[in-house]
Amino acid sequence: MAGKRRAVVAHYFWGRGGAEIAAMWIIRSLIEAGYEIHILTAGGFSLEELEQAASVKLARDSLVVHAFEKLNLPLSGALNHGLFLRWVRGHASDYDLRITPSGVIDWGAPAIHFISSVIWNRTLRSQFLPSSVKLKSQQRVTAWVSGRSTYDGSSDLYIANSVWTMKVSQPFCPGPMKVIAPPVLVPESELLSERSTDFLYVGRIEQEKKVDQSIEMIRAVRARGFDIRLHLIGELGADAYGEKIRDLADRYREFVVVHGRLLGAEKWQVISQCQFGINACEIEAFGMSSAELAKSGPIVFVPGKGAQSEIVPLKELVWNSFDDAVDKISRVLAEPSSWPGLSEQLKQHNRHLSCENFVSSVRETILEFEA
């Protein structure tokens, strides 16, 4: 790797969601642009699992992973996060290009930030996701430990994953902004044309995703005489919200099917059997799982709040309240003749969400940033 320009990608913890899928394709774009990639992380980075989740292969000889050594102390999560951010800033000058693949980091030097969530700072989190006293305290600890540089961020480039996310984030971004929609990958093979009338939720099982509301919506639609089920694809955590969803799934086992976390072919096998999707999250910055469904065939119902209506622009599928959702779902279910047309409209609307377009846009952006 001698002679190559060095790019650094800093991400505290690598999950297996939409942010990480986009991050893997950002890295792919950097490799194709000729960079040596250094990844700074505190955990969760399994190249094989991430490649499977993102359906991408990365050249091993272009990657160097640096693991942050966390303190092994009780209740030290906020402290470790703050120390990680300070550690990242301490290494900023070692690299030619600095990338934050999800959110915004104070590198103390010009960087490119990909904003994949609207709760990326304390003010926005308080606005969209009111936190407990405990969480607010943890955030203050992280901010205090990480400290701040004297650099004002005005030479940074901020990239949002949707128009809505850009509008929400713009007041907090001192540098220029643009939108690059993330890559949405669906299998090349034809999916089943004869699907069941089952619904899908795919994604993280967390309070902000309002999975409990999706369950209650399906229950209300069933009460109107529609024999439908809801499949949940996502890992159920050991936290209070995970327990709540477990309890609901057990109570409504007649129509709620919990699959847990599925990747690759296993996930797409379940998706290919279902005609409909649902995602009740009202602060979705983009909606990767909804885009995957919309692009591959299922008819997806989403709230009008957040960015998901950019993926699902059809008034028949976008709700403004719980009752409105139940009415619209019931109306579509009662008209099977409308299903092929709705599905095709969603596919066509999201055709541009390709890996090729994403990689091309990222590479073009890097060239502009470095000019």
Side-chain angles (χ1 to χ4, degrees), residues 9-30 50 53-56 98-105 111-121 124-125 127-129 153 156-173 175-186 202-204 206 208-209 277 279 281-295 300 302-313 318 346 349-366 368-369:
V9 176
H11 191 45
Y12 182 64
F13 183 83
W14 290 76
R16 302 295 182 265
E20 285 77 21
I21 290 173
M24 292 294 283
W25 282 95
I26 292 168
I27 294 171
R28 171 70 172 267
S29 305
L30 292 166
L50 287 162
S55 299
V56 66
R98 290 157 288 276
I99 302 286
T100 310
S102 180
V104 175
I105 287 177
I112 301 176
H113 310 279
F114 290 81
I115 299 175
S116 60
S117 167
V118 294
I119 54 175
W120 59 268
N121 68 22
L124 289 171
R125 176 174 283 274
Q127 178 182 342
F128 289 107
L129 193 66
D156 288 2
L157 176 60
Y158 301 85
I159 300 175
N161 56 2
S162 69
V163 173
W164 181 71
T165 298
M166 184 173 74
K167 289 179 179 177
V168 168
S169 300
Q170 206 147 29
F172 306 95
C173 298
M177 291 198 76
K178 65 187 297 186
V179 175
I180 299 179
V184 179
L185 296 87
V186 299
V202 184
R204 291 182 285 117
E206 295 181 358
E208 68 191 70
K209 300 296 186 179
N279 186 339
C281 180
E282 295 180 339
I283 60 170
E284 201 72 78
F286 174 72
M288 178 64 77
S289 62
S290 294
E292 287 180 337
L293 299 182
K295 193 175 176 183
V300 190
V302 300
K305 294 180 180 177
Q308 293 193 86
S309 59
E310 295 177 36
I311 296 166
V312 182
V318 179
L346 292 179
H349 178 73
N350 292 288
R351 285 182 65 183
H352 68 288
L353 300 174
S354 67
C355 297
E356 294 78 14
N357 286 345
F358 181 77
V359 170
S360 175
S361 295
V362 171
R363 291 189 61 178
E364 180 182 316
T365 297
I366 291 169
E368 292 173 355
F369 183 73

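Values below: every heavy atom of this structure, side chains too, minus hydrogens, waters and symmetry copies. These figures come from a predicted structure and were not determined experimentally.
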Sequence neighbours excluded, every pair satisfying salt bridge (charged side-chain N to carboxylate O under 4.0 Å, His left out) that has a member inside residues 351-366
E32-R363

What residue pairs, at least two apart or across chains, pass salt bridge (charged side-chain N to carboxylate O under 4.0 Å, His left out) with a residue in residues 10-19?
R16-E49

Nearest 0.5 angstrom please: [X] [atom1] to [Y] [atom2], how far?
| X | Y | atom1 | atom2 | result |
| --- | --- | --- | --- | --- |
| N121 | C173 | CG | SG | 8.5 Å |
| L185 | C355 | CG | SG | 3.5 Å |
| N161 | S102 | CG | OG | 8.5 Å |

Can you list everything that forms a ring pair (Phe, Tyr, Trp, His ring centres under 6.0 Å) with W120? Sequence neighbours excluded, please.
none

Residue list, ring pair (Phe, Tyr, Trp, His ring centres under 6.0 Å) with F358, at least two apart or on another chain
none

Answer yes or no: is there an ion pair linking K305 with E284, defined by an N-O contact shorter than 4.0 Å?
no

Kindly give the heavy-atom pair with the smallest separation between [X] and [Y], and that separation in Å.
| X | Y | result |
| --- | --- | --- |
| V362 | S29 | CG1-CB, 3.6 Å |
| A19 | S116 | CB-OG, 3.5 Å |
| L124 | I119 | O-CG2, 4.0 Å |
| I105 | H113 | O-CE1, 3.0 Å |
| A54 | W25 | O-NE1, 3.0 Å |
| L293 | G277 | CD1-CA, 3.8 Å |

Please list, chain by chain and in numerical order, all residues satisfying salt bridge (Lys or Arg N to Asp or Glu O under 4.0 Å) with E20, sequence neighbours excluded.
none

Sequence-distant partners of K178, salt bridge (Lys or Arg N to Asp or Glu O under 4.0 Å), two or more places apart:
E368

Should I311 and V300 count as side-chain neighbours, where that means a heavy-atom distance under 4.5 Å?
no

Verify, without hydrogens or angle tests, whether K295 (side chain) and V186 (backbone) share a donor-acceptor contact under 3.5 angstrom.
no

